[in-house]
Every structure is written in C-alpha cells, then in structure tokens.
There are 2 protein chains.
Amino acid sequence: MSTLTEHPHPEQIRVAVSTVIFSLRRDPGDDRARVVMPLVRRTRDPFEGRWALPGGWLGDVEGMEAAASRTLAETTGLAPSYLEQLYAFGDVDRSPTRVVSIVYWALVREDESRATAQENVAWFDATTHPELAFDHDHIVRYALWRLRNKVGYSRIAHGLLPDLFTLADLREVYEAILGRRLDPANFRRQVEGSATLIPTDERRGGSHRPARLYRYNHDVELAERGPLPD
Amino acid sequence: MSTLTEHPHPEQIRVAVSTVIFSLRRDPGDDRARVVMPLVRRTRDPFEGRWALPGGWLGDVEGMEAAASRTLAETTGLAPSYLEQLYAFGDVDRSPTRVVSIVYWALVREDESRATAQENVAWFDATTHPELAFDHDHIVRYALWRLRNKVGYSRIAHGLLPDLFTLADLREVYEAILGRRLDPANFRRQVEGSATLIPTDERRGGSHRPARLYRYNHDVELAERGPLPD
DNA sequence: CCAAAAGTGTTATAACTACACCCATGT
DNA sequence: ACATGGGTGTAGTTATAACACTTTTGG
C-alpha cells in the first residue's frame with residue numbers, strides 16, 4: 001500500500017475483526033432500560049474462561065464490515081440495525097501474538113436481541129460487566145463513549161427500536177444511553193422539529209392516555225459519517 | 001483476537017499504515033492560506049508514477065501510531081503537532097493483493113512543513129490534487145471531512161500554528177479549513193471565551209495597528225477523543 | 001489625514017431549559 | 001374521581017450572527 005518502505009517480506013501480523021454489540025433490555029422489574037451487550041466466553045488460551053467481544057479472523061476474500069456482520073450473525077443470529085467501524089487496535093503487546101483488531105460497533109433492536117440462545121454467549125450490562133480478555137475492557141469503554149457521543153448529534157437511537165414506537169420509547173433509549181432523565185416536553189419538540197419521525201394514526205394505550213405511534217423517516221440517514229463507503 | 005472462528009491458519013493479509021498529512025501554505029501572492037498535503041510519487045507497480053499517501057508496512061514490533069510517525073518523519077522529516085487515527089480501509093479489491101491500511105491523519109506547522117526536500121515528495125493543494133493511487137482519493141476526501149468537522153468542536157487549529165500567533169492568524173486557519181470567511185469580532189469573542197488562549201504582552205505590527213500575540217494553553221487538550229490511548 | 005486592521009458594543013434571532021398547565025384514558 | 005403519562009404553552013437564559021463603531025498603527 002502507498003509508498004512501501006523496504007521490507008524483504010512483510011512480517012506475520014494477523015488481522016481480526018471484533019464487534020461491540022449494543023442493545024437495550026427492559027426487564028419487568030426495572031422502570032428504566034439498560035444498555036446491554038453480548039459477550040462470548042473464551043474456550044481456549046489466551047484468557048481461557050474469560051468473557052470477550054465476539055469476533056474472528058478476517059477472511060482473505062472477506063470485507064471487514066462483512067466479517068463484522070458475520071461475527072454478529074454467529075452470536076446474535078440476526079442482522080444489525082446499525083454498524084460502524086469503531087477503531088483499529090494494534091498495540092504490540094495487546095495479545096501474546098501480534099494481532100491487529102479492526103473493531104466495529106453495532107446496534108441490535110431489543111426484540112431481536114432476545115433471540116440469542118447460543119452456548120457460551122451471554123448478555124451483560126454495558127457499564128457493569130466482568131473484566132474482559134485482552135484490551136476489551138478498554139474497547140468497550142471507548143465504544144460506549146462513541147455511542148453516547150453519537151446519540152447527541154445523530155439519529156442512531158432509532159436503531160434500538162422497532163418499526164413503530166412512541167416518543168416515550170424513543171426518549172427512554174436516549175435516557176438509557178445518556179444515563180440521565182430528559183424533559184418529555186422539550187424532547188418532544190426537538191425530535192418533532194427535526195423531521196426524522198413520521199407520525200402515524202395509530203396509538204398505543206398502556207395504562208393511561210394512549211400515545212401516538214411514530215415511524216422512522218428513512219429519507220434522512222441514521223447517521224452522517226461523511227464520505228465513507230455506504 | 002476474541003472468539004476465534006476456526007481457520008486452520010489465518011490467510012496472508014498484509015497491514016500497512018498510511019498518513020494524510022495536512023499543513024497550511026500562505027504564498028506571497030495569495031491573500032488566503034490553503035490547506036496542503038505532501039504526496040509521494042510511486043516508483044513501482046502497482047500505480048507506478050502516480051502520487052500516493054505516504055505510508056509503509058507495519059513492522060511486527062512497531063505500534064501503529066509509531067509507524068505513522070515514522071512515515072511522517074520519512075517524508076516531512078519532522079514530528080506532527082497532531083496525530084490521530086482516521087480509519088481502517090480493508091476492501092478486498094482496493095489493491096491487487098490483500099492489504100488492510102490503517103490510516104492516520106496529522107497536522108504539521110507551516111514553518112516546519114517548509115523543510116521538506118525529499119526526492120519524489122511534493123506538496124499539493126488538499127482539494128485540487130492529481131488523481132491518486134489505490135483508494136487514496138477517497139481517503140483524502142474523508143480526512144478533509146474529518147478535519148473540517150473536528151475544527152468545529154475542538155482546538156486542533158492550533159496544531160497548524162507556531163507558538164505565538166495573532167487572532168487573525170488563528171482565524172485564517174479556520175477560514176482555510178472551513179473555506180469561508182468568519183466575522184473577526186465574533187471569532188475573537190468565541191475563542192476568548194473558551195479559555196484556550198493565553199494572551200501575552202507582545203504585539204506584532206504588520207502594516208497597521210499591531211495585534212496582540214497569543215499562546216496556546218496546553219492545560220486544555222488539543223482535542224478530546226474519548227478514552228483512547230494517550 | 002487616510003487606509004486598514006485591531007478591537008469593542010449593540011441588537012436581533014434562534015436554541016435550550018425549566019416548569020406550569022391542560023388532556024385523555026384505565027382503573 | 002383521580003392518578004398518570006400524553007401533549008401544549010410560555011418565559012428566562014444562552015449561543016450565534018450581523019454589523020455599526022471606535023482605536024491604533026504605517027504611510
């Protein structure tokens with residue numbers, strides 16, 4: 001690639017792809033939703049027995065994003081509603097052998113995330129999880145930071161919701177990600193003014209006054225990430 | 001890395017590191033500064049003769065950021081005032097052989113960028129440059145987008161200026177990057193209110209009223225990039 | 001004195017925040 | 001009827017933008 005500094009033959013550096021997958025979990029008891037992620041228990045050295053991010057080696061005729069999707073399918077069994085490259089980690093000592101990890105982060109809708117039933121896969125709270133293998137603790141922290149950051153200036157929150165949702169649902173997503181309460185009135189005006197939602201005529205009646213259901217406007221993109229492939 | 005999907009042995013994928021280096025050029029004739037970047041002319045296939053981003057293979061005991069710095073030193077001969085990972089490019093068909101490129105972007109101060117005199121290296125306007133090798137056109141577009149984006153919410157503009165500078169100098173940097181004029185009065189108030197500049201007692205007298213010289217306040221960081229190494 | 005950039009002041013507009021208040025429904 | 005979340009109104013604050021104006025230098 002580019003101007004090649006002279007090496008008789010490039011050394012053996014392996015390329016892996018991992019993905020931080022976020023979803024939302026709203027348990028019967030809790031009144032707030034939590035951000036959760038699936039982890040995989042390692043069945044071999046190094047770090048045998050420890051939890052780690054789902055991932056695998058990059059195939060030699062496989063695109064990196066495709067590898068991330070494959071990873072995601074193998075663990076959750078479903079397609080992500082949002083997928084974006086997070087960062088490339090390549091410190092010399094981050095693994096016993098030299099591995100460069102291209103890390104992606106993804107969003108999966110709550111209803112879909114329930115489908116997971118693989119062996120050695122479990123969902124954890126994204127903020128309070130066991131100590132992970134390799135530098136994955138660090139990676140998860142960074143992914144969470146990016147998620148919180150991005151939710152402030154783009155529309156990715158919809159990636160965690162089903163087709164139809166109320167404004168309270170959407171607000172709950174923001175609150176779970178940002179970790180603080182938002183004013184319902186101001187929240188409503190903000191999203192209504194942004195032309196990203198299409199109001200439907202349907203309502204959903206919980207225990208009180210029924211709320212209008214909205215649909216996401218796919219004309220505006222989930223997130224602007226500049227001039228990048230798709 | 002992580003949960004390893006079974007491959008008898010990972011295939012031969014090579015890892016390269018490239019850097020998009022930005023600097024500012026203020027030529028005698030022009031009244032505005034331009035964003036410029038150094039390119040390297042390829043001396044071998046593929047794309048022999050075409051201009052490309054400076055870069056090289058990642059050494060097997062070399063960190064990725066170190067590789068980017070090395071690249072930068074080999075072309076400009078100097079250390080960057082700012083260096084950040086841009087993106088990892090790994091499409092299967094972006095090169096005749098499978099190469100994953102970890103791309104960084106960097107800022108170099110104008111006075112330092114004059115020192116370049118390597119063979120096969122030349123500086124080009126960042127917006128109007130010849131068609132580059134590989135997918136480097138695409139990469140440069142993305143790097144420029146990130147630069148313009150980041151200048152809006154962080155202090156990286158100082159990475160293009162010497163130790164002492166006037167507010168007009170700083171404003172010129174912003175104008176060159178954003179491609180539009182800024183109101184001097186409002187610009188002054190914004191940066192003065194942000195506590196990132198330390199006023200000195202020195203002045204610089206051009207052809208008219210002397211302007212106060214400022215120094216960058218290193219207590220606040222150049223840019224917040226979240227919980228990432230250094 | 002004049003041109004031009006340095007630097008200050010003023011005002012209009014938009015965005016954000018807090019919070020009071022009314023509405024519609026299940027119980 | 002009443003508790004509760006859905007939904008609207010409004011006023012204070014803050015950030016931004018436009019632009020008039022004063023100051024200080026070199027020529």
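The figures that follow rest on heavy atoms only: side chains count, while hydrogens, waters and symmetry mates do not. The structure displayed is predicted, hence computed values, not measured ones. Reminder, nothing fancy here: chain letters follow the sequence lines and each chain counts from 1.
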Within residues 183-196 of chain B: residues closer than 4.0 Å to DNA chain C (heavy atoms)
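Only B/Ala185, B/Arg188, B/Arg189 qualify.
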
Test for a donor-acceptor pair under 3.5 Å between the base of C/dA5 and the side chain of B/Arg209, counting only N and O atoms.
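No such pair is found, so the answer is no.
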
Please report the distance, rounded to the nearest Å, between [atom1] in [X] and [atom2] in [N].
{"X": "B/Leu182", "N": "D/dA18", "atom1": "CG", "atom2": "P", "value": "10 Å"}
{"X": "B/Leu167", "N": "C/dA4", "atom1": "CG", "atom2": "P", "value": "21 Å"}
{"X": "B/Tyr174", "N": "D/dA17", "atom1": "OH", "atom2": "P", "value": "13 Å"}
{"X": "A/Arg181", "N": "C/dC19", "atom1": "CZ", "atom2": "C1'", "value": "17 Å"}
{"X": "B/His208", "N": "C/dA5", "atom1": "NE2", "atom2": "P", "value": "6 Å"}

Using the side chain to side chain contact (heavy atoms under 4.5 Å, CB included) rule, pick out the option among A/Leu83, A/Leu24, A/Leu147 that qualifies with A/Leu107.
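That would be A/Leu147; it is the only one of A/Leu83, A/Leu24, A/Leu147 passing the side chain to side chain contact (heavy atoms under 4.5 Å, CB included) with A/Leu107.
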
Quick check on DNA chain C: between B/Arg171 and A/Ser207, whose nearest nucleotide comes earlier from the 5' end?
B/Arg171

DNA chain C: A/Gly205 or B/Arg203, which has the more 5' nearest nucleotide?
B/Arg203

What contact category does A/Arg204 fall into here, base, sugar-phosphate, or nothing, at under 4.0 angstrom with non-hydrogen atoms?
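Counting heavy atoms under 4.0 Å across all strands, no contact is made by A/Arg204.
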
For the ring pair B/Tyr82 and B/His158, is the centre-to-centre distance below 6.0 Å?
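No - the distance between ring centres of B/Tyr82 and B/His158 does not fall below the 6.0 Å cut-off.
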
Under 6.0 Å from the ring centre and within 45 degrees of the ring axis: does the NZ or CZ of A/Arg42 meet both conditions for the six-membered ring of A/Trp51?
no

Apply the test side-chain contact (heavy atoms from CB on, under 4.5 Å) to residues B/Tyr214 and B/Ile198: give CA-CA distance (whole Å), side-chain angles for both, the deciding distance (0.1 Å), then the verdict.
CA-CA 6 Å; B/Tyr214 290 81; B/Ile198 302 168; over 6 Å; no

Would you call the rings of B/Phe134 and B/His136 parallel, tilted or perpendicular, taking 30° and 60° as the class edges?
tilted

Start with the C-alpha distance between A/Arg25 and A/Asp125, add both sets of side-chain angles, then the distance that settles salt bridge (Lys or Arg N to Asp or Glu O under 4.0 Å), and finish with yes or no.
CA-CA 9 Å; A/Arg25 189 69 90 239; A/Asp125 190 296; over 6 Å; no

